[in-house]
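A quick note: this is a predicted structure, and the numbers were derived from the prediction, not measured.
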Amino acid sequence: MYKIIVIALILISANSMAFSNTVSGSGADAAGVKKWISRHFAKGKLPPFSFVYGGINSDTFIRSWGYHSEKLKSSEVNSEETLYTYTNPLTGLVVKCFVTSFSDYPAVEWVLKFSNTSEKNTPIIEKTNVIDYSFGSDTKGNFILHHAKGSNAERSDFQPIDEILEIGKPVYMTPVGGRSSDNTAFPFFNLEMPGNQGVMVAVGWTGKWCANLVQSDQKSVALKSGMEKLRLTLLPREEIRTPKICLLFWKGEDRMTGHNQFRQFVLVHHTRQINGKHTELPFSTFLAREGPPPCNEHTCSTESFSVAMINRHKQFGIVPEVFWLDAGWYACNGSWPNVGNWSPNTENFPNGLKPVTDAAHQVGAKFLLWFEPERVTSGTLFANQNTDWLLNLKGNGNSLFNLGNPQARIWLTDYISGFLKKEGIDCYRQDFNFDPMPYWEANDKPDRIGISEIRHIEGLYAFWDTLLARFPNLLIDNCASGGRRIDLETISRSSPLWRTDYQYGEPDGAQCHTYGLNFYLPLHGTGNFTISPYHFRSDISASMVINWDINSREHSQPELQKYISLFKQLRPYYYGDYYPLTFTDQMTSDNVWLAYQQNRPENGDGIIMAFRRKNCANESVTVKLRGIDPKINYELTDEDTQRKTVVSGEKLINGYELKQKNKPGSVLIWYKKGR
């Protein structure tokens with residue numbers, strides 16, 4: 001009966017189906033985006049999302065469903081939220097679209113929720129495209145997709161990819177394994193269109209999202225994005241959410257206009273706020289180094305050693321902002337991957353961690369502690385707590401703690417909350433070192449494909465949101481074998497202080513990772529293991545964690561103090577605008593220069609960071625700066641020689657030569673507007 005009614009509606013509305021979903025020349029301002037929202041989410045209009053319901057595409061029936069719009073109270077400054085509701089009176093399915101617009105950025109984002117308001121199972125819901133939309137230009141030309149690799153513990157992690165689209169040839173992106181930025185895709189990209197315009201796109205889903213782009217004709221590109229695997233019936237009174245989609249429209253001389261607008265948008269609207277300000281990522285130091293075998297990671301760390309190291313840093317005048325204790329502090333039987341006992345190893349920490357956190361606080365620092373609560377090995381507390389709280393996979397010794405189980409999530413939230421409070425933890429580091437997708441798939445029934453993934457991810461967000469509500473000053477560090485869980489939803493709650501597990505301390509790889517991630521995100525960090533200008537500058541971004549042997553006589557106290565001071569001077573620039581100064585196609589090679597610029601237009605200053613790698617034959621490279629006023633002079637200071645020069649803005653824009661005789665060698669230049 002339902003299909004007969006739908007077919008009738010198709011016939012009735014046949015004339016109206018000649019509908020173009022193409023946007024042409026979207027105004028890249030907040031007012032223009034609000035008009036875009038009004039047009040596309042209005043009654044009787046085809047919304048920019050789609051799904052298949054009972055075997056029929058929503059484009060054929062959604063405009064005939066019940067429609068309601070409601071302004072919601074937004075808790076965020078400079079934002080407005082509207083709920084658009086589409087209701088099927090026959091089956092009781094309600095599609096809720098929560099749309100957020102912004103008065104300070106030309107951006108819009110939305111998330112869908114599907115609700116079954118009836119007492120019967122719904123027909124199958126599948127092929128849910130949270131965005132199903134065509135972007136267009138008034139003029140012909142190339143459509144270029146700027147995107148990136150995810151993280152795979154390689155030098156090429158986050159490597160930029162620039163693809164000129166071809167008519168009819170799709171570009172499909174999805175991560176592997178169920179972690180949102182794992183290896184094959186990164187959930188942030190920029191669609192550059194003819195006419196000096198484009199749209200930044202971000203996906204908020206900490207699972208297996210997908211995006212498909214196809215150039216339809218010479219003037220338009222279609223984008224579809226959502227969960228890759230979803231095909232399910234909703235049970236009576238059941239509700240699910242989907243990925244979040246964010247669009248930021250831009251107009252400018254080139255695509256970096258969009259990247260830099262998006263970076264600032266992230267700082268304002270998708271960064272953890274503490275006391276009304278976005279989080280400033282910390283300068284941290286590991287509390288332990290690997291000892292002799294059988295020590296691994298930090299399994300041999302002790303209370304006395306940790307407290308002594310904290311006091312040693314104080315003695316030398318090199319106190320970091322955060323002391324960092326990584327894996328192995330818990331009862332793990334000498335091997336840190338034995339996870340699931342989240343209480344201190346009483347042999348090494350007989351008084352718990354409170355004496356260590358107290359010592360950190362007494363010297364004016366905070367304390368970070370590593371956890372991996374979603375991975376559970378057999379025989380541990382979490383494994384024995386309640387077997388119904390675990391998802392298992394035959395032949396695998398690890399279990400997945402099921403955050404999709406409300407009882408399990410609430411228990412975990414209370415357990416971790418109590419631990420953080422009792423032990424005085426300031427920064428909660430959550431790691432995730434295995435692929436969840438096989439567990440989700442193994443626990444789904446044929447007519448419920450995707451439900452385990454949805455519930456787990458909903459639970460993850462609820463878990464983190466509750467921690468942040470209970471601890472208003474808490475910083476969450478998001479790690480998943482490095483940076484394999486970076487997406488719009490995670491960066492809104494956390495930051496990746498350790499963005500990759502690529503060879504610890506390899507400087508050229510760190511340069512590549514900063515270069516690639518900075519296109520999209522201002523906040524990320526990595527470790528520094530070697531004390532030298534080349535290594536330290538290679539590892540600098542908005543955050544850094546050091547692993548120095550401070551008891552070595554190779555480096556003086558003033559030298560170490562100078563490095564820490566340098567980081568704090570440089571950090572503010574990484575919150576500004578970013579410009580790559582060298583090409584991306586050979587960036588992982590050992591025989592090139594790599595250079596980038598951080599610019600603060602509001603201050604009229606910035607930095608140039610450049611690296612001549614070990615096999616690079618050229619002693620110089622010419623770079624063209626951006627964000628510079630060609631009509632004024634700039635004062636440049638070379639960090640190594642402290643030599644100051646005055647250079648016209650016009651020359652900096654047209655080409656400025658950087659020189660370095662050493663290979664490998666680095667160049668750091670500060671610039672500011674001249675008087």
Other residues, nucleotides, ligands: >12 heavy atoms within 6.0 Å of Arg231 CZ
no

Does any donor atom in the side chain of Trp336 or Asp326 lie under 3.5 Å from an acceptor atom in the other side chain?
no

Is Arg485 close enough and on-axis enough to Phe432, meaning under 6.0 Å and within 45°, for cation-pi?
yes

Between the OG atom in Ser118 and the CG atom in Leu93, the distance rounded to the nearest 0.5 Å is 8.5 Å

Which pair of heavy atoms, one from Pro48 and one from His40, lies closest together, and at what distance?
CD-O, 3.6 Å

Has Ser494 got a side-chain atom pairing as donor or acceptor with Asp477's backbone, closer than 3.5 angstrom?
no

Both conditions, 6.0 Å and 45 degrees, for the charged tip of Lys127 above the ring of Phe51: are they met here?
no

Near-ring test Tyr502/His513, centroid separation under 6.0 angstrom:
yes

Is any side-chain heavy atom of Met200 closer than 4.5 Å to a side-chain heavy atom of Gln261?
no

Do Phe519 and Phe188 pass the ring-ring contact (aromatic ring centres under 6.0 Å, His included) test, and can you show the C-alpha distance, the side-chain angles, and the key distance before you say yes or no?
CA-CA 9 Å; Phe519 278 98; Phe188 303 88; over 10 Å; no

Evaluate the side-chain proximity of Trp205 to Glu228: yes if any heavy-atom separation is below 4.5 Å, no if none is.
no

Mind checking whether Lys96 and Leu83 have side chains closer than 4.5 Å, heavy atoms only?
yes

I want to know whether Tyr67 and Tyr86 have ring centres closer than 6.0 Å.
yes

Rounded to the nearest 0.5 angstrom, the OG1-CG distance for Thr526 and Leu497 is 10.5 Å

Phe371 vs Trp342, test: ring-ring contact (aromatic ring centres under 6.0 Å, His included). Steps then yes/no.
CA-CA 8 Å; Phe371 293 82; Trp342 300 112; 5.6 Å; yes

Leu165 side chain near Val171 side chain, heavy-atom distance below 4.5 Å:
yes

Going from CG on Leu234 to CD1 on Ile125, what distance comes out if it is rounded to the nearest 0.5 angstrom?
4.0 Å

Taking all heavy atoms of Ser101 and all of Lys34, pick out the closest pair and write down the distance.
OG-CE, 3.7 Å

Is the gap between the ring centers of His146 and Phe189 under 6.0 Å?
no

For Leu223 and Ala211, the nearest pair of non-hydrogen atoms, with its separation, is CD1-CB, 4.3 Å

Any side-chain heavy-atom pair from Asp157 and Gln159 closer than 4.5 angstrom?
no

Testing Asp182, Asp431, Asp435, Asp501 one by one against Arg484 for a salt bridge (Lys or Arg N to Asp or Glu O under 4.0 Å), which residue passes?
Asp182

Looking just at side-chain N and O atoms, do Asn433 and Ser481 make a donor-acceptor pair shorter than 3.5 Å?
yes

Rounded to the nearest 0.5 Å, what separates atom CD in Glu441 from atom NZ in Lys229?
4.0 Å

One should read off an interatomic distance between Leu391 CG and Asn443 CG, to the nearest 0.5 angstrom, of 4.5 Å

Assess the residue pair Tyr461 and Glu489 against the criterion (side-chain contact (heavy atoms from CB on, under 4.5 Å)); give the C-alpha distance rounded to whole Å, side-chain angles, the decisive distance to 0.1 Å, and a yes or no.
CA-CA 8 Å; Tyr461 300 157; Glu489 289 283 14; 3.3 Å; yes

Between Ser180 and the options Thr174, Thr206, Asp487, the side chain to side chain donor-acceptor pair (under 3.5 Å) test singles out Asp487

So do the side chains of Phe265 and Pro106 get within less than 4.5 Å of each other, counting heavy atoms only?
no

Between His270 and Leu488, does a side-chain contact (heavy atoms from CB on, under 4.5 Å) hold up when you go through it step by step?
CA-CA 7 Å; His270 285 285; Leu488 189 67; 3.8 Å; yes

Between Asp217 and Ser220, do the side chains contain a donor N or O and an acceptor N or O under 3.5 Å apart?
yes

Ignoring hydrogens and geometry beyond distance, is a side-chain donor-acceptor pair present between Ser156 and Lys149 at under 3.5 Å?
yes

I'd like to know whether the aromatic ring centres of Tyr133 and Phe49 sit less than 6.0 Å apart in this structure.
no

If you take all heavy atoms of Ala383 and Ser378, which pair is closest and at what distance?
CB-CA, 4.1 Å

Can you give me the closest heavy-atom contact between Pro236 and Asn121, atom names plus distance?
CD-OD1, 3.2 Å

Under a 3.5 Å cutoff, is there a donor and acceptor pairing between the side chains of Thr91 and Tyr53?
yes

Salt-bridge criterion met for Arg409 and Glu458 (N-O under 4.0 Å)
no

Could you walk me through whether Asn392 and Ser399 satisfy the side chain to side chain donor-acceptor pair (under 3.5 Å) test, starting with their C-alpha distance in whole Å, then the side-chain angles of each, then the deciding distance to 0.1 Å, before giving a yes or no?
CA-CA 5 Å; Asn392 297 298; Ser399 298; 2.4 Å; yes

Check the angle between the aromatic planes of Phe41 and Trp36 and answer parallel, tilted or perpendicular using the 30° and 60° thresholds.
perpendicular

Which word best sums up how the rings of Phe401 and Trp411 line up, parallel for under 30°, tilted for 30 to 60°, or perpendicular for over 60°?
tilted

Is there side-chain contact between Lys169 and Val214, with heavy atoms separated by less than 4.5 Å?
no

side-chain contact (heavy atoms from CB on, under 4.5 Å) evaluation trace for Val108 with Val99:
CA-CA 7 Å; Val108 57; Val99 180; 3.7 Å; yes

Just checking, is any N or O donor in the side chain of Asp162 or His147 under 3.5 Å from an acceptor N or O on the other one?
no

Heavy-atom closest pair, residues Gly450 and Leu232:
C-CD2, 4.4 Å

Verdict with reasoning, His259 to Phe262, per side-chain contact (heavy atoms from CB on, under 4.5 Å)
CA-CA 5 Å; His259 288 282; Phe262 185 76; 5.8 Å; no

Verify ring-ring contact (aromatic ring centres under 6.0 Å, His included) between Tyr415 and Phe382, making sure each step is shown before the conclusion.
CA-CA 11 Å; Tyr415 185 93; Phe382 277 31; 5.7 Å; yes

What verdict does the side chain to side chain donor-acceptor pair (under 3.5 Å) test give for Ser151 and Ser181, after you've listed the backbone C-alpha separation in whole Å, the side-chain angles of each residue and the deciding distance to 0.1 Å?
CA-CA 6 Å; Ser151 177; Ser181 55; over 6 Å; no

How are the rings of Trp370 and Tyr330 set to each other: parallel, tilted or perpendicular (split at 30° and 60°)?
parallel

Taking the six-membered ring for Trp, are Tyr439 and Phe434 closer than 6.0 Å centroid to centroid?
yes

Validation row, ring centre Tyr84 to ring centre Trp110 under 6.0 Å:
no

With rounding to the nearest 0.5 Å, note down the distance linking CG in Asn152 to OG1 in Thr500.
8.5 Å

Under 3.5 Å, is there a donor-acceptor pair linking the side chains of Ser417 and Arg470?
yes

Any Lys/Arg nitrogen of Arg255 or Glu192 sitting under 4.0 Å from an Asp/Glu carboxylate oxygen of the other?
no

Do the non-hydrogen side-chain atoms of Arg39 and Lys45 ever get within less than 4.5 Å of each other?
no

Looking at Gln273, I'd like to know if its CD atom is crowded, meaning that more than 12 non-hydrogen atoms belonging to other residues, nucleotides or ligands lie closer than 6.0 Å.
yes

